[in-house]
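Below is one structure, written out as structure tokens; the observations come after it.
Order of appearance sets the numbers: ligands from 1, and atoms from 1 within every ligand.
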Amino acid sequence: MRLFRVFSKIFTVSLIGRPNVGKSTLFNNIVGERSSLVHPTPGLTRDRIEAVTNLFGVPIKIIDTAGWDPVGTKNSPNMIEKMMSQTRKALFESDMAFFLLDVRQGVTIADEKLAEYLRKEGVKDYPNLKEIVLVGNKAEQSYLGDISNEVYSLGMGDPIMISAEHNEGIVDLYEKLRDAIPETYFEENKEKHEKRLQRHAKVKAEKYKELKALETTTGENFNLKEWERAYDEINPPENSDYDTDSEINIDNSIADPIAYKKNPEVLRKVKGIQLSIIGRPNVGKSTLINSLLGEERVITDPEAGTTRDSIYIDYVYSGRKIKLVDTAGLYKRSKGAVGKMIEDDVKKAIKFSHVVIMMFDAFEGVTPMELDLARDVIDEGRVLLLVGNKWDKVAKDMKTKFSDYYADLFYRKITLKGLNIAMISASQKYNTRKMLSEIIDLYDRWNLRVSTGLLNRWLDSFKKVQSMPTEDGELLKIKYITQIKSRPPTFYVYVNDRSLMKENYLKNFTNSLCKEFNISGVPIRILLRDKH
Ligand code: GDP
Ligand code: GDP
């Protein structure tokens, strides 16, 4: 029996290897949308990202490193040292590491150098690091090569062969991981894990009951077995974040769809909003952050575009906590390795934010790349706020024309009802507070949960006013709708035959749903299911 435990830490695994072997892909595969606690590391987003996710009932921290390339021709010694120091820092915190190789490229000099370093110093340099496991990535079924001879020279044992992208072999990797976790971690988390499972079962059972009742009243067959399967898939019991109180519930006890607005108590419970600001250089991102903070806290690196780290700041606005992350910015494409890394960085910032401000220069205009990026934010299911800065530079009599132009431009690309554009002047602090209110409002919409009862009452009235589309006399029947997840609001709509759902009808359906429950302006997902 253990009497003491000096400190309780999270079992930590880092993903190491040279760039492009697929570390980020594996990271996303493991963490996916399931993790309950994801955050870019302060000051280091460009180089590494970490997330805590629940696996086997144990919280596990996964660290993705930028990669280490000692032989890359584009990398200066300074850059190499920076990259290597990231890998070292990650290893220092880790209990275990997955050392990734690209089997299609075979073992490269860079791989050999890293292996040599790890063999020589590796385990003894790092207090917690118990095991380094070699992983051969990109080994999907279509791969026929064999690198067993080359791998032997690394002296690190046989690799686990996987395909991070095609989700193959990941189970073997999990098995290895599970074996490496000391029993104490399972014991310590047993109670929490069981609670989580119970909570999941309870919430699911409540939903099931609602649906069952509805099934009885309508006399329809809802195929609840299929719903149950979808529910577990979308809300994996192991990772359910029911223990966080980040969701705003609209249920029958608050029978008013916009009650949450009137109920600040509910709002205060919501956790910090993770906000990042993306945009081209010079659009005014730093100026905005400084103006919000009222002091010069964002220091611009002279080597902008190569070494500038991200900055992580806690900010409180109207009683709500906002975590501001200034990303490395969006630099022009095709600037070699660095350019790509920063682009990846912006993608990561989007993935790990709740709300993304996509800032553009309202005086200079918008490039296609900025439109694509705004679209990415919505496709990732994140809250997007478009912010046109330097509004002070736009002449008074041109303002209406400009804002109409931008509204039209972005709407064409994104086609999201209620899409919002805030015109501000960061340096003059014009509209910046209004912009924050807008962020909070959108974030709350994104968190919304609507009860099955309310949803189906709305559905009934919708069906009354909107005639159903038919095909060869066959009638589309929408049997029920239920919300299966929030952040973004995700709805499960059960119909008799999906192919009868026409695009236009779905658009009306979605718009009406958003209007009724006040979720316009945020991405939502509709999952259509039918009897097939
Ligand atoms: P990182 O630099 O190590 O983080 O590598 P990334 O995760 O960014 O992946 C680099 C490239 O390899 C991307 O184009 C991925 O799509 C690709 N990739 C990642 N995993 C696989 C895989 O399992 N199979 C194949 N064929 N490509 C992969
Ligand atoms: P970043 O690269 O996106 O962080 O941009 P900065 O915050 O460094 O701003 C770039 C330039 O735009 C600086 O010279 C700022 O003074 C200027 N700037 C920022 N916001 C405004 C604004 O609202 N109006 C005007 N006229 N200039 C601005």
Under a 4.0 Å N-O cut-off, is there an ion pair linking [X] with [Y]?
X	Y	answer
K176	D172	no
K120	E116	yes
R178	E175	no

Taking both backbone and side-chain atoms of [X], is any N or O found less than 3.5 Å from an N or O belonging to ligand 1?
X	answer
E165	yes
H166	no
V21	yes
A164	yes

Can you find a heavy atom in the side chain of [X] that is under 4.5 Å from one in the side chain of [Y]?
X	Y	result
T432	K434	no
I63	V13	no
E370	M358	yes
L177	F56	yes
T367	R280	yes

Could you tell me if the ring centre of Y406 sits under 6.0 Å from that of F360?
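Yes, close enough.
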Are Y405 and F410, when compared by the centres of their aromatic rings, separated by less than 6.0 Å?
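Ring-ring flag for Y405/F410: false, centres at least 6.0 Å apart.
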Taking 4.0 Å as the limit for heavy-atom contacts, which would you say applies to [X] with ligand 2: side chain only, backbone only, both, or neither?
X	result
K393	side chain
N282	both
Q428	neither

Any atoms of ligand 2 less than 4.0 Å from a non-hydrogen atom of D392? List them with their elements.
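With D392 as reference, the close atoms of ligand 2 come out as 22 (C), 23 (O), 24 (N), 25 (C), 26 (N).
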Distance filter under 4.0 Å to S425 heavy atoms, resulting ligand 2 atoms
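Result: 22 (C), 23 (O), 24 (N).
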Could you tell me whether A426 and ligand 2 have an N or O pair separated by under 3.5 Å?
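Between A426 and ligand 2 (N or O atoms, distance only) the closest approach is under 3.5 Å.
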Would you tell me which option among [options] has the nearest heavy-atom contact to [atom]?
atom	options	result
atom 24 (N) of ligand 1	E140, R18, R104	E140
atom 7 (O) of ligand 2	V394, N389, T287	T287
atom 17 (C) of ligand 2	K390, R280, M359	K390

How does N137 reach ligand 1, if at all, at less than 4.0 Å between non-hydrogen atoms: by side chain, backbone, both, or neither?
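Only the side chain of N137 comes within reach of ligand 1.
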Mind checking whether P281 has a heavy atom under 4.0 Å from ligand 2?
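Heavy atoms of P281 do come under 4.0 Å of ligand 2.
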Which atoms of ligand 1 are found less than 4.0 Å from any heavy atom of S163?
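So the atoms of ligand 1 that pass are 22 (C), 23 (O), 24 (N).
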For S24, the ligand 1 atoms whose distance to one of its heavy atoms is below 4.0 Å:
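Counting atoms of ligand 1 from 1, those under 4.0 Å from S24 are 1 (P), 4 (O), 7 (O).
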Would you call the rings of F92 and Y126 parallel, tilted or perpendicular, where under 30° means parallel and over 60° means perpendicular?
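Perpendicular, since the angle between the ring planes exceeds 60°.
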